[in-house]
Protein chains: 2
Amino acid sequence: MTRKPAIEDAALALFASEGFEGASLGRIADSVGIRKPSIYAHFRSKEDLFLSVFKRTLRRKQQVLFRQVLHGANRPFEDNLYDLAEHLMDEYESDAETRFLLRMSYFPPRSLHDEVMGLVNPFFEQAERSLTRLLQRKENAVRLHPGGAHEAALAYVTVLDGVLAEAIYGSRDTAAKRLKAVWPVYCRGVLRP
Amino acid sequence: MTRKPAIEDAALALFASEGFEGASLGRIADSVGIRKPSIYAHFRSKEDLFLSVFKRTLRRKQQVLFRQVLHGANRPFEDNLYDLAEHLMDEYESDAETRFLLRMSYFPPRSLHDEVMGLVNPFFEQAERSLTRLLQRKENAVRLHPGGAHEAALAYVTVLDGVLAEAIYGSRDTAAKRLKAVWPVYCRGVLRP
DNA sequence: TTTAACCTAACGACCGTTAGTTTGTTTTTG
DNA sequence: CAAAAACAAACTAACGGTCGTTAGGTTAAA
């Protein structure tokens, strides 16, 4: 009957909404229902707690993302990419893990900047490579504008980040409007005429 | 011989790199070369200092942006939009005001969330409207894909945020690659074939 | 002589962290 | 099988440090 997962969950939620410096161990302990020093039975320090939560989150999201991209059925690739963007946009509102991951990738704790980026960068680079490989498969490549699959992949992640940015400082509604507007533009831009 | 502007400059730099909670009045005072309580000769509280800096920054950036978009010479609009994106991307690296504005728009101090967003949202909404109006001018509108100027404007700000996102958690170099990749896609997507 | 801009000293609150203790469960042993 | 030992997970108390903030004094310009 250990509270370790509960501590990680509470830390995740508070880190996501208040940032690393803004979230205190006292508040984390409160929201679990334990005393502040009890956290040290499971984690050596606040940074240790943070890294543990961050790695766990990265691992989970990697799995989910992998399944979602792989499990592409046999629809046109752009439909799958649209669904993925819509899914991530929705998740930013509903899922604290997504908010946490995004916020900490943008602005990691200063003392852990290099370590966090050492974890985040491979994550996004691999996602980008997977996407490029998907677009290079010949049934997709023939439908692409002769600019190349890599260009289409880079453009996609850029558009995706733009939509997510609006989900962060705007709302799900305004982000949805952006996605609806940018998507036809993206498709005309990457698909063969 | 008042240090008020110096305090604002130091606060801006520290807020930009450490966030609101991460930047302490002590460090701000240190970097100005005064004592911490002296700040209270000019600002009623840390939040007051923040809001003062934030409003000043918003005002300045609004002017700069306005001039840059207006002063469009008579080149094709897409060239001006490209230059603007490149300019903002470079600025994120070189200009603390841009980093400050972007970071605080994404993740404002929790206690000031509503007030900050009440300032930020009109700023971006007006920028978006200006852009739409620019694209609606007939010499530009005739060159646009029949999806409309508003779609092209929304798509642009989305793409721009995507590039800036990479400037934040990546580097100027990787952001530049994104811009180079996404730009032909954007142009094919919004221009009449 | 008033006023503005700085100073020193100090406040209470909260921060992350450590030490040492209690408690209840699991494991080992007579 | 029951007693004893070991262990893990919580606790209380308190640490030194830093936080934002206030009170009150000094100095120099207006």
Side-chain angles (χ1 to χ4, degrees), chain A residues 1-57 100 103-104 107-116, chain B residues 1-57 100 103-104 107-116:
Chain A
M1 187 233 175
T2 175
R3 316 292 268 280
K4 188 167 179 177
I7 294 172
E8 291 179 325
D9 290 347
L12 179 120
L14 273 169
F15 285 149
S17 66
E18 324 249 352
F20 179 77
E21 291 86 3
S24 77
L25 295 181
R27 305 255 321 271
I28 293 171
D30 279 353
S31 94
V32 177
I34 61 175
R35 302 289 167 185
K36 178 171 56 158
S38 306
I39 294 175
Y40 286 82
H42 304 280
F43 304 96
R44 283 195 313 278
S45 66
K46 189 186 184 184
E47 298 190 350
D48 184 41
L49 167 60
F50 173 85
L51 282 175
S52 171
V53 173
F54 191 79
K55 286 174 187 167
R56 191 191 71 167
T57 306
F100 169 75
R103 176 167 192 164
M104 293 309 153
F107 303 111
R110 205 155 167 51
S111 61
L112 298 174
H113 177 275
D114 291 353
E115 193 157 359
V116 168
Chain B
M1 187 228 173
T2 174
R3 315 293 267 281
K4 188 169 180 176
I7 295 173
E8 291 179 324
D9 290 345
L12 179 119
L14 273 169
F15 286 149
S17 66
E18 326 248 353
F20 179 77
E21 290 87 2
S24 75
L25 294 181
R27 304 256 321 271
I28 293 171
D30 279 351
S31 94
V32 177
I34 59 174
R35 302 290 168 187
K36 179 170 56 159
S38 305
I39 294 175
Y40 286 82
H42 305 281
F43 305 95
R44 283 194 314 280
S45 66
K46 190 185 184 184
E47 297 190 350
D48 183 42
L49 168 58
F50 173 85
L51 282 176
S52 170
V53 173
F54 192 78
K55 286 174 186 165
R56 191 192 71 168
T57 306
F100 169 76
R103 177 169 193 162
M104 292 310 154
F107 304 111
R110 205 157 167 44
S111 61
L112 299 174
H113 178 276
D114 291 353
E115 193 157 358
V116 169

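Treat the numbers as computed from the prediction; the structure is a model and nothing was measured. Here is how names work: the chains are called A, B, and so on, in the same order as the sequence lines, proteins then strands, and each is numbered from 1.
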Whole angstrom value for the distance that separates [atom2] of [N] from [atom1] of [X]:
X     : N      : atom1 : atom2 : value
A:H42 : D:dA8  : NE2   : P     : 11 Å
A:I28 : C:dC14 : CD1   : C1'   : 14 Å
A:R3  : D:dA10 : CZ    : C1'   : 9 Å
B:I39 : C:dC7  : CD1   : C1'   : 13 Å
B:I34 : C:dA4  : CD1   : C1'   : 14 Å
A:F43 : D:dA10 : CZ    : P     : 11 Å
A:R35 : C:dT17 : CZ    : C1'   : 17 Å

Any A:I34 side-chain heavy atom under 4.5 Å of A:I7 side chain: yes
A:E115 side chain near A:F54 side chain, heavy-atom distance below 4.5 Å: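 A side-chain contact under 4.5 Å is absent here.
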Salt bridge (charged side-chain N to carboxylate O under 4.0 Å, His left out) contacts in which one or both residues fall within residues 23-35 of chain A, not counting sequence neighbours: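 Of all non-adjacent pairs touching residues 23-35 of chain A, those that pass salt bridge (charged side-chain N to carboxylate O under 4.0 Å, His left out) are A:E18-A:R27.
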Interatomic distance, B:L49 atom CG to B:K4 atom NZ [nearest 0.5 angstrom]: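 NZ of B:K4 is found 9.5 Å from CG of B:L49.
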Value rounded to 0.5 Å, distance of CD in A:E47 from CG in A:L51: 7.0 Å
Below 4.0 Å: OP1/OP2 of D:dC11 and any side-chain N or O of A:S38: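 For D:dC11, OP1 or OP2 has a side-chain N or O of A:S38 closer than 4.0 Å.
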Exam field: side chain B:K46 to backbone B:F20, donor-acceptor pair closer than 3.5 Å: yes
Where do N or O atoms of nucleotides 17-22 of chain D meet protein N or O atoms at under 3.5 Å, pair by pair?
unit_1, atom_1, unit_2, atom_2, d
D:dC19, OP1, B:S24, OG, 3.0
D:dG20, OP1, B:K46, NZ, 2.7
D:dG20, OP2, B:L25, N, 2.9
D:dG20, N7, B:K36, NZ, 3.0
D:dT21, OP2, B:Y40, OH, 2.5
D:dT21, OP2, B:K46, N, 2.8
D:dT21, O5', B:Y40, OH, 3.0

